[in-house]
Amino acid sequence: MTDSGPTLFWHRRDLRTVDNRGLEAASEYGQVIPVVVVDPAVQTYAGPARRGFYHASLASLQQTYRTLGTDLEIRQGDPRTALPELAAETEADRVVWNTDYSKLATKRDGTVRDRLPEEVSTLEISDMTLYEPGSILTSAGDHYSVFSYYYKKWIDRDVPAPAPQPSPEVFSDRQARDIDEIQASPVDSLPLPAGRQAAEDRMERFLDGPIYEYAETRDLPAADGTSRLSQDLAFGLLGIRELRNAVDEADATAPTETAIDSVEEYRRQLAWRDFYIQVLDAHPETVTENFKDFEHPIEWRADPAAFRAWTQGETGYPIVDAGMRQLQAESFMHNRLRMIVASFLTKDLQIDWREGYAWFRKQLLDHETANDVGGWQWAASTGTDAQPYFRIFNPMTQGERHDPDAEYIKTYVPELQNVDPETIHSWPDVDTDRRDELAPDYPDPIVDHAERREQTIEMFERARGG
Ligand SMILES: Cc1cc2nc3c(=O)[nH]c(=O)nc-3n(C[C@H](O)[C@H](O)[C@H](O)COP(=O)(O)OP(=O)(O)OC[C@H]3O[C@@H](n4cnc5c(N)ncnc54)[C@H](O)[C@@H]3O)c2cc1C
């Protein structure tokens, strides 16, 4: 112990005590006071599901600290004011936090640093990714913008061990106000159980079996074959090192070669997350700007009616509508569907990816700036390693390939309940009278895919200066 004052550990997107590198670092200085600042400004970006999940996860974190004989200090307000006040009130010597790479967070954290009393030092730790952004670079010393090259290096690295939970003795015995007294946000009914234990349960369930079939099932939305851990990683209920180590253990006990390939496929997805976070770190402007340079602005359409139809799942394209309705119902959408609906918005409706991103940011429980922007810019052909602009998803063949029995579609689009899969997958080509007869309450297709496809290729060629 080197100093007399306590260390504040500021939890942000790391709502856990296990495998928390910043918390581990804070505990090396002596007495720790864990703190969260609920920022109403940040909360406005989140819909009720995400706010409720956050609230419940904070309650679970507070409970964990109470079992460790301490408490979680929860403040509400702007961290740029709340943290300097708390540091002064507790006579803290330092404030420690884990790095958040979004522009908004980086700017805010800089102001917190500037406003803390002069004698209070700060320490930022890299925790969110397996390998710190900027630690895997091209031979020219740049961040990677091509995933496959990045992955080759990522997979070759030693896997860091999870950080241990600090021993209870390091924590201050302060008591704090209960989260429910603070009423940071009402807990609405949640699409998934929140908190650390629920996240651990989800991880165990997936690693206990489904991971071995992941390669076959991950692209079939009706199969429920993915891990459903994205919100747990986004809120930091799970540490990336603990997840990666657990995945490697599953690899060691994989029963077949196919199962080993599936585990490998799953690891690749975790690498995508690291990849997009390092892109965001290097190019924070890509939250609002295209990653790729275009000679002329892309002539996106202003079409509020089409945008509304897309958000409501009423485009008349069954697979698109199913995805958008899953999002509304569950605050989640399967990855294949995210790609399909993002392609549809940008290539069929020719609406700017930023409008789609803003909708996803509000609706998704697992919203994570780097992944969300990365996914949108990929689909819009404006991003790193993006879908080429001339390769445009056909929503009919996507439906046929990934939901052959239309099981997923029928779950979310009950108007098509009695229609056979073949007809569903060719819905826009079905005669209008026949469509009215089969599903009188389901909307007609709002655009012609083939026509829009040609227009979109021309739109991109003009933007490229062709
Ligand atoms: C337009 C669009 C927007 C997206 N927005 C988000 C978002 O806000 N938050 C988010 O976590 N993911 C986002 N993704 C990526 C992906 O769709 C989700 O991570 C995935 O569907 C979450 O389900 P899961 O945990 O069951 O995934 P699994 O298939 O089980 O994957 C395991 C984990 O790997 C990571 N991962 C998987 N796919 C990707 C990917 N393509 N890019 C980066 N990381 C990935 C996630 O952390 C995920 O939890 C987006 C993709 C697209 C195309």
Side-chain angles (χ1 to χ4, degrees), residues 13 45-47 49-50 53 102 128-130 147 150-151 154 191-192 199 202-203 205-207 210-221 223-240 243-244 246-247 250 262-280 287 310 320 323-324 326-327 330-347 353-387 393 398 402:
R13 295 181 47 200
Y45 293 115
R50 198 154 83 250
F53 193 89
S102 80
M128 193 186 281
T129 48
L130 207 54
F147 174 75
Y150 175 80
Y151 182 65
W154 187 92
L192 281 178
R202 280 188 282 272
M203 176 169 74
R205 181 204 67 87
F206 179 68
L207 298 181
I211 192 172
Y212 298 129
E213 283 158 26
Y214 181 73
E216 295 121 79
T217 56
R218 66 177 289 261
D219 254 339
L220 302 173
D224 192 20
T226 66
S227 68
R228 295 298 309 263
L229 295 178
S230 47
Q231 65 290 323
D232 304 325
L233 290 168
F235 282 89
L237 294 169
L238 293 176
I240 189 64
L243 176 56
R244 171 64 197 271
V247 167
S262 268
V263 176
E264 184 55 31
E265 187 58 40
Y266 187 71
R267 266 197 218 101
R268 260 178 93 81
Q269 306 314 310
L270 298 182
W272 271 105
R273 178 176 172 276
D274 268 23
F275 173 73
Y276 278 140
I277 294 174
Q278 61 95 46
V279 170
L280 183 67
V287 176
W310 177 81
V320 173
M324 295 308 293
Q326 181 184 24
L327 180 61
E330 298 167 18
S331 307
F332 177 83
M333 195 195 297
H334 187 278
N335 179 58
R336 173 55 51 182
L337 270 299
R338 294 188 204 202
M339 296 196 284
I340 296 172
V341 305
S343 174
F344 191 81
L345 185 79
T346 54
K347 308 291 177 55
W353 64 266
R354 283 160 276 229
E355 291 190 44
Y357 168 71
W359 182 257
F360 267 34
R361 183 179 56 189
K362 192 104 191 179
Q363 303 295 321
L364 281 174
L365 186 61
D366 67 15
H367 164 70
E368 188 164 45
T369 308
N371 287 357
D372 214 350
V373 166
W376 273 100
Q377 293 231 37
W378 179 89
S381 303
T382 58
T384 42
D385 216 355
Q387 173 89 321
F393 275 2
Q398 285 290 316
H402 300 290

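Both ligands and their constituent atoms are indexed starting at 1 by order of listing. Excluded from the calculations below are hydrogen atoms, water molecules and symmetry mates; all remaining heavy atoms, backbone and side chain alike, are included.
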Exercise. Does F275 come within less than 4.0 angstrom of ligand 1, counting non-hydrogen atoms of the residue?
Worked result: no
For this session: Report the member of V373, N371, D219 with the shortest heavy-atom distance to atom 10 (C) of ligand 1.
Result: N371
For this session: Considering only NZ, NE, NH1 and NH2 on the basic side and carboxylate oxygens on the acidic side, decide whether D366 and R338 come within less than 4.0 Å.
Result: yes
Exercise. For R218, is the nearest heavy atom under 4.0 Å from an atom of ligand 1?
Worked result: no
Problem set entry | Option whose closest heavy atom lies nearest to atom 37 (C) of ligand 1, chosen from Q269, Q231, E265 | Q269
Problem set entry | Under 3.5 Å: N/O of L364 near N/O of ligand 1 | no
Exercise. Of the listed options (W272, Y214, F147), which comes nearest to atom 31 (O) of ligand 1 when hydrogens are ignored and any heavy atom counts?
Worked result: Y214
Exercise. Does some non-hydrogen atom of Y357 fall short of 4.0 Å from ligand 1?
Worked result: no
Problem set entry | Ring-face cation contact, F206 with R228, 6.0 Å cut, 45° max | no
For this session: Pick whichever of G225, S227, A380, G375 has a heavy atom sitting closest to atom 2 (C) of ligand 1.
Result: G375
Problem set entry | Nearest candidate to atom 13 (C) of ligand 1, where distance is taken over non-hydrogen atoms, out of E368, M333, R338 | R338
Exercise. Under 3.5 Å, is there a donor-acceptor pair between the Q377 and T382 side chains?
Worked result: yes
Problem set entry | Aromatic ring proximity, centroids under 6.0 angstrom, F344 and W310 | no
Exercise. Is there any N or O on N335 that sits under 3.5 Å from an N or O of ligand 1?
Worked result: yes
